[in-house]
Structures are given as C-alpha cells and as structure tokens.
Amino acid sequence: MFNKVQIIFVFVLASACVSFAKEKKSQEPMAWKRSMQTLAKSLQDGYPFLYSHREFRSPKNKEYILRTLNQFINSAHQLPREVGRQYVGAAPLADEAKSSFKDFSQVRSLYEKKKYDLAQKKVHGLIQNCFACHTAYHVGPSFSNRKSEITGIATPFPRSKVVVFGALREFKSALKWIERESVKKKTTLPLIDLAKLHLVVSLRSMQDFERARNYLVKLAKKFKDSKDKLATIQRWQNDLAMWEANSKADNKTESHDMNYVLYLRETLEKHSQIQSKKTVSELRAQTFYELGHLYKNLKLKELSQLPEVYFKACLQAQPKADLKKRCSQELK
C-alpha cells in the first residue's frame with residue numbers, strides 16, 4: 001500500500017516528467033531552426049569551394065572545406081526527426097535529412113583521402129537532397145534576396161545555383177536565375193531542363209501559377225521554329241491551366257516530357273497522402289512506390305536520387321508480397 005508521502009512523490013515525479021517532455025517538445029522546433037540556419041550559412045559560405053573544380057582540390061582551402069563539412073555533419077546530426085517531418089513532410093525525406101550526417105562524414109573521409117571526384121560528387125548529391133526536401137510541396141517559409149551573390153560566382157556546375165537557392169529556400173532567386181539564363185542568346189544549358197527546374201520551384205515550392213504561366217509563354221516564343229518542343233510547351237500550358245483551375249487532368253501521353261506537369265501535380269498529391277495520419281501501412285507503401293515511378297519519369301537530374309529513396313521506403317513500409325517484389329525489382 002502506498003502511504004501519502006509516496007503518493008505525493010509519485011505525483012510530483014510524474015508531473016516533472018510531463019513538464020520536461022513538454023519543455024523538450026517546445027524546444028525541438030527551435031533546434032530544427034538553428035540547425036537549418038547553420039546548414040544554410042555553411043552552404044552559402046562554402047558554395048565557391050564546393051562547386052569549383054580548382055578550389056575544391058586546392059591545398060590552401062583544405063582547412064576551410066573541412067570546417068564546412070564538419071558544420072554540415074554536426075548540424076545534420078542535431079536535427080530532431082519528428083519536427084523535421086512537420087516541416088519537410090513524412091519519411092523518407094525527413095529521415096534523409098536526419099541521417100545525412102553519416103553521408104557528410106563519408107564526404108569528409110573521401111576528401112581527406114584526396115578522392116576529390118567522389119567527394120565532390122557525393123556532396124553535390126547531398127545538397128540535391130536538400131533541394132528535393134524544400135521543393136517537395138508547398139510548405140514552409142521562403143526567403144528573398146539574402147544570398148543573391150551566389151548568382152555571380154563562376155562555376156562549372158551552373159545548374160547548381162538553382163539547387164543551392166532551393167536548398168536555402170531562396171525560391172525567388174532560383175526563378176530569377178533560370179529566367180535570366182533562358183533569355184540568353186548563347187546559353188549552353190538545355191532550355192527544356194531549365195523549364196523543368198522552373199516548374200519544380202514555381203509550381204511545387206511556391207504555387208505561383210502566374211509566374212509559371214508567364215515563363216512558358218516566353219519559352220514558347222523561343223521554340224516557335226521547333227515543332228516538337230513547342231508541342232511540349234503547349235501541352236504543359238494546357239495541363240497548368242487544368243491544375244490551376246483544379247480540374248481533372250488530361251490523359252497522359254506516351255512522352256514523359258509532355259506529361260511533366262501532370263507528373264509534378266501527382267507528386268504534390270502523393271506527398272500530401274503520405275502526410276495524412278489516416279494512411280495505412282499498405283497504402284503508404286503503394287504511395288512510396290508510385291512516387292518512385294513519378295520521380296523516375298520526371299527525368300530531371302536534380303531529382304534523380306529520389307526514385308531509389310522511395311523504392312527503399314516502399315520496402316521499409318513492409319508491403320504485401322506482390323508490391324514488395326515490384327519495389328525490390330526497381331532497386332536491382
């Protein structure tokens with residue numbers, strides 16, 4: 001039998017535990033914000049070195065690059081996973097962000113062994129994961145014109161500027177860079193790929209239909225002498241109008257490029273399904289499988305790592321035998 005003193009002690013102890021849990025929970029969003037701010041600052045400062053062949057390999061920059069990688073590692077390690085899911089959606093994107101400290105550690109190891117090609121390729125892939133998280137759907141804050149100095153930095157990886165702006169949630173800066181590059185007379189970048197990047201940011205990150213629509217109008221004029229490319233842009237314009245009106249999408253064609261806007265719309269819908277607490281395990285597995293195929297069909301280099309991420313997530317959701325087999329086959 002408990003006496004009164006024991007009962008009071010248990011009550012106080014339980015209250016203290018509840019209070020501590022609430023306090024810890026209230027601090028988690030701030031921990032996520034601080035870690036993300038540190039990651040952003042490290043990426044902004046490290047950009048000229050991480051995206052340069054020469055500077056990344058120069059011995060004089062070794063100390064600075066290692067310090068940058070250590071900041072990535074420490075900040076990613078401190079990210080609270082559950083809060084991350086509130087900001088960047090349900091697993092696996094939040095889990096990818098949380099576990100990236102291990103991958104950044106591998107980058108550091110490769111760099112210290114002077115395996116520069118592998119280290120640089122891997123760190124670019126990890127930053128692409130940040131871009132993928134922040135452009136997954138229309139959620140979270142965006143920032144404006146705080147890091148526009150990145151635009152003027154020379155790099156052999158020009159499209160990386162869009163990736164980095166997206167990773168920094170500088171969505172307007174990303175769009176501005178794409179729009180400027182698209183009107184150049186001698187751009188070396190494929191305009192269709194630039195357009196795909198624009199639509200990822202303008203439609204999924206910002207839901208700015210007007211900006212996407214205006215961009216496609218200007219692009220259509222550049223493609224007036226290319227029948228196939230003009231047909232693709234016109235199809236995108238039609239599907240964009242249907243999306244904006246919240247009307248049922250048209251049937252897909254055999255061309256993945258022509259279906260691009262439809263695929264983007266579907267990814268947004270699938271990410272919303274994943275967030276739903278009512279989604280049962282088998283449905284989640286099926287949704288992961290479908291997302292893997294959608295990202296595969298988008299055929300965009302900056303999101304090319306996502307099919308594997310979602311097919312693995314499908315298996316981790318423990319699907320039934322048939323779906324498990326299909327997910328496994330995609331990973332072979």
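Any value given below was found using the heavy atoms of this structure, including those in side chains, with hydrogens, waters and symmetry copies removed.
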Distance-only polar pair, side chains of D45 and T68, donor-acceptor under 3.5 Å: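 No pair is found: no donor N or O on one side chain lies under 3.5 Å from an acceptor on the other.
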
Pair S173, E170: side-chain N/O donor-acceptor within cut-off below 3.5 Å: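 Looking only at side-chain atoms, E170 and S173 do form a donor-acceptor pair, the distance falling under 3.5 Å.
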
Evaluation steps, side chain to side chain donor-acceptor pair (under 3.5 Å), between R235 and T253: CA-CA 10 Å; R235 173 63 189 244; T253 71; 5.0 Å; no

Criterion ring pair (Phe, Tyr, Trp, His ring centres under 6.0 Å) against W243, the qualifying member of Y260, F209, W236: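 Looking at Y260, F209, W236, the match for W243 under the ring pair (Phe, Tyr, Trp, His ring centres under 6.0 Å) is F209.
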
Quick check against the 3.5 Å criterion: does [X] have a side-chain atom that pairs as donor or acceptor with the backbone of [Y]?
X    : Y    : answer
S255 : M258 : yes
K222 : S182 : yes
D239 : L262 : no
S226 : F223 : no
Q44  : A40  : no
S58  : R54  : no
S304 : K301 : yes
T187 : V183 : no

To the closest 0.5 Å, what do you measure between [atom1] ([X]) and [atom2] ([Y])?
X    : Y    : atom1 : atom2 : value
L39  : Q71  : CG    : CD    : 9.0 Å
K115 : L118 : NZ    : CG    : 7.0 Å
L189 : K184 : CG    : NZ    : 8.0 Å
L168 : Q37  : CG    : CD    : 12.0 Å
L268 : R204 : CG    : CZ    : 7.0 Å
F165 : I150 : CZ    : CD1   : 5.0 Å

Below 4.0 angstrom, N of the basic side chain to O of the carboxylate: do [X] and [Y] qualify?
X    : Y    : result
K122 : D103 : yes
K325 : E330 : no
R159 : D193 : yes
E266 : K270 : no
R211 : E179 : yes
R57  : D117 : yes
K196 : D257 : yes

Pairwise side-chain contact, F288 with V309, heavy-atom cut-off 4.5 Å (strictly under):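 Not in contact.
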
P307 versus K296, closest heavy-atom pair with distance: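 So the two residues come closest at CG-N, 3.6 Å.
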
Criterion side chain to side chain donor-acceptor pair (under 3.5 Å) on S52 and Y47, from CA distance to verdict: CA-CA 8 Å; S52 167; Y47 179 81; over 6 Å; no

R213: partners by side chain to side chain donor-acceptor pair (under 3.5 Å), with sequence neighbours left out: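 Side chain to side chain donor-acceptor pair (under 3.5 Å) check on R213 returns E244.
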
Partner set under ring-ring contact (aromatic ring centres under 6.0 Å, His included) for H256, not counting sequence neighbours: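 In terms of ring-ring contact (aromatic ring centres under 6.0 Å, His included), with neighbours along the sequence ignored, H256 is linked to Y263.
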
Parallel, tilted or perpendicular, as decided by the 30° and 60° cut-offs, for the rings of Y295 and Y310: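 Plane angle under 30°, so parallel.
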
Pair F56 and Y111, ring centroids less than 6.0 Å apart: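 Ring centroids of F56 and Y111 are less than 6.0 Å from each other.
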
Steps toward side chain to side chain donor-acceptor pair (under 3.5 Å) verdict (E290, Q286): CA-CA 6 Å; E290 291 169 358; Q286 179 65 34; 3.0 Å; yes

E210 atom CD: more than 12 heavy-atom contacts under 6.0 Å: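 No.
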
Transitive ILVMFWY cluster of Y289, excluding itself - 4.5 Å side-chain cut-off: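 Listed partners: F311, L315, L323, L331.
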
